[in-house]
Amino acid sequence: MKVLIVGSGGREHAIAWSVAKNPKVDKIYCAPGNAGISQYAECVPIGAMEFEKLADFAQENSVDLTVIGMDDPLVGGVVDVFEARGLRVFGPRKNAAILEGSKAFSKDLMKKYGIPTAAYENFDDAEKALEYLRTQAKFPIVLKADGLALGKGVLICNSLEEAEEGVKEIMEDKKFGSAGNTMVIEEFMTGREVSVLSFVDGKTIRTMTSAQDHKRAMDGDRGLNTGGMGTFSPSPFYTKEVDEFCQKYIYQPTVDAMAAEGRPFVGIIFFGLMLTADGPKVLEYNARFGDPEAQVVLPRMKTDIVEVMEACIDGRLDELSLEFEDNAAVCVVLASEGYPVKYDKGIPMYGFENFDGKDGYYCFHAGTKFQDGQIVTNGGRVVGITAKGKDLKEARKNAYEATDWIQFANKYMRHDIGKAIDEA
Ligand code: AMP
Ligand code: GLY
């Protein structure tokens with residue numbers, strides 16, 4: 001079997017590693033991939049948004065299954081392009097990827113189907129948004145650009161002045177481009193955040209083990225929002241009771257709502273949840289694996305990923321159940337100093353051999369490439385160091401130990417990934 005993976009981050013490295021475990025798979029391609037992914041896959045220089053070229057490549061190379069890792073191509077309709085050519089592809093069509101592609105859509109969907117989420121209003125006019133804000137008594141308040149904005153289109157505003165400035169940034173200055181043509185203004189929620197990823201076949205949903213991300217750049221959740229600086233799995237705050245509630249009132253209802261709207265969802269739904277005092281509520285939906293959630297969830301998954309993806313495509317996910325190891329994993333992202341704003345690239349990296357033969361330790365590459373035969377940094381998030389352990393404490397100790405194994409001059413990381421487990 002030949003598999004093509006589309007994307008180039010740590011998530012796609014973790015997907016490639018999982019896919020490579022299937023004995024039926026004898027060739028993996030990744031477009032465009034990175035230095036680490038090339039251990040398992042032949043990297044091909046086609047961009048994730050070059051849909052026709054990707055489909056040409058899949059056709060010419062008799063690829064049996066294409067897995068789309070990233071959000072942009074999904075929201076842009078890459079799956080539709082593949083399906084139109086009769087190619088097998090894992091991911092939601094454009095009309096379902098809108099669950100991530102438009103926050104206004106997803107909020108309206110939740111409201112219509114009674115799925116718990118923060119109270120909100122949508123606006124496509126800056127004046128109306130400002131008028132509404134002036135009637136609001138409760139701050140902080142949350143502003144969200146409707147479209148994709150690299151996880152950065154969310155502003156938490158502590159006062160009316162900040163919120164007015166935020167409307168200007170999103171809707172007038174177009175800080176997030178056309179993603180800000182429409183905006184959601186929503187109630188600020190407090191509580192623990194949990195990420196729950198799931199496989200969906202249009203009707204049936206099977207959730208994976210829980211995880212928690214750390215989105216801010218600096219220790220103590222200070223600094224700017226990033227793509228994610230580290231994760232742990234499972235979340236000790238995601239109890240059996242919380243799971244039962246979410247299965248009943250959030251997960252299946254979301255899948256049913258999409259089907260009822262004529263937008264059957266096939267692929268990964270990532271539920272970003274807030275465990276509030278009033279119960280779990282949806283913060284956001286994503287239409288793909290999380291990054292770096294995949295780097296802690298997939299190493300713990302016992303079920304074969306290729307079999308699950310095929311069951312989703314064929315609409316027979318109800319025949320499968322997912323199994324996870326009874327342990328824990330922690331991922332610490334090694335970033336370039338200065339991320340997410342300004343940082344140097346092309347810095348030589350050392351120490352990858354330290355991971356050879358070390359069971360339960362992984363170095364998932366995100367922003368790396370080969371330059372004159374040497375691996376160098378090529379992005380803000382450079383690698384994710386994942387380690388497993390019998391429990392979260394041990395996994396955390398192991399992961400931080402392994403962060404020393406990789407060296408590069410401008411290495412930066414958070415030192416408190418998974419610290420919350422001490423409070424559990
Ligand atoms: P999102 O991209 O929607 O997940 O938002 C990014 C981050 O902003 C989330 O992970 C939360 O930490 C925070 N956030 C988003 N919406 C809210 C909300 N309604 N209340 C509090 N925090 C929020
Ligand atoms: N780690 C959050 C995300 O992938 O959106």
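First listed ligand is number 1; within each ligand, the first listed atom is number 1.
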Could you list the atoms of ligand 2 found under 4.0 angstrom from a heavy atom of N286? 5 (O)
Side chain, backbone, both or neither: the part of T231 lying under 4.0 Å from ligand 2 by heavy atom: neither
Heavy-atom distances under 4.0 Å are what count here, so tell me which part of K103 touches ligand 1: side chain, backbone, both or neither. side chain
Quick one: is the NZ or CZ of K302 closer than 6.0 Å to the six-membered ring centre of F324, and within 45° of its axis? no
Regarding atom 3 (C) of ligand 2: of the candidates Q212, K215, R288, which has the closest heavy atom? R288
What class does the angle between the rings of F271 and Y251 fall in, given that below 30° is parallel, 30 to 60° is tilted and above 60° is perpendicular? tilted
Identity and separation of the nearest protein heavy atom to atom 20 (N) of ligand 1: M189 N, 2.8 Å
Between E401 and K397, is there a side-chain N and carboxylate O pair less than 4.0 Å apart? yes
Per-atom filter on ligand 2: closer than 4.0 angstrom to a heavy atom of G290 are 4 (O)
Could you list the atoms of ligand 2 found under 4.0 angstrom from a heavy atom of G227? 1 (N), 2 (C)
Geometric cation-pi criterion R192 and F237, 6.0 Å radius, 45° cone: yes
Could you check whether the rings of Y400 and H415 sit parallel, tilted or perpendicular, using 30° and 60° as the cut-offs? parallel
May I ask you to check whether D213 has an N/O atom sitting below 3.5 Å from an N/O atom of ligand 2? yes
Per-atom filter on ligand 2: closer than 4.0 angstrom to a heavy atom of E293 are 1 (N), 2 (C), 4 (O)
Atom pair CG/OG of L275 and S235 - distance to nearest 0.5 Å: 7.0 Å
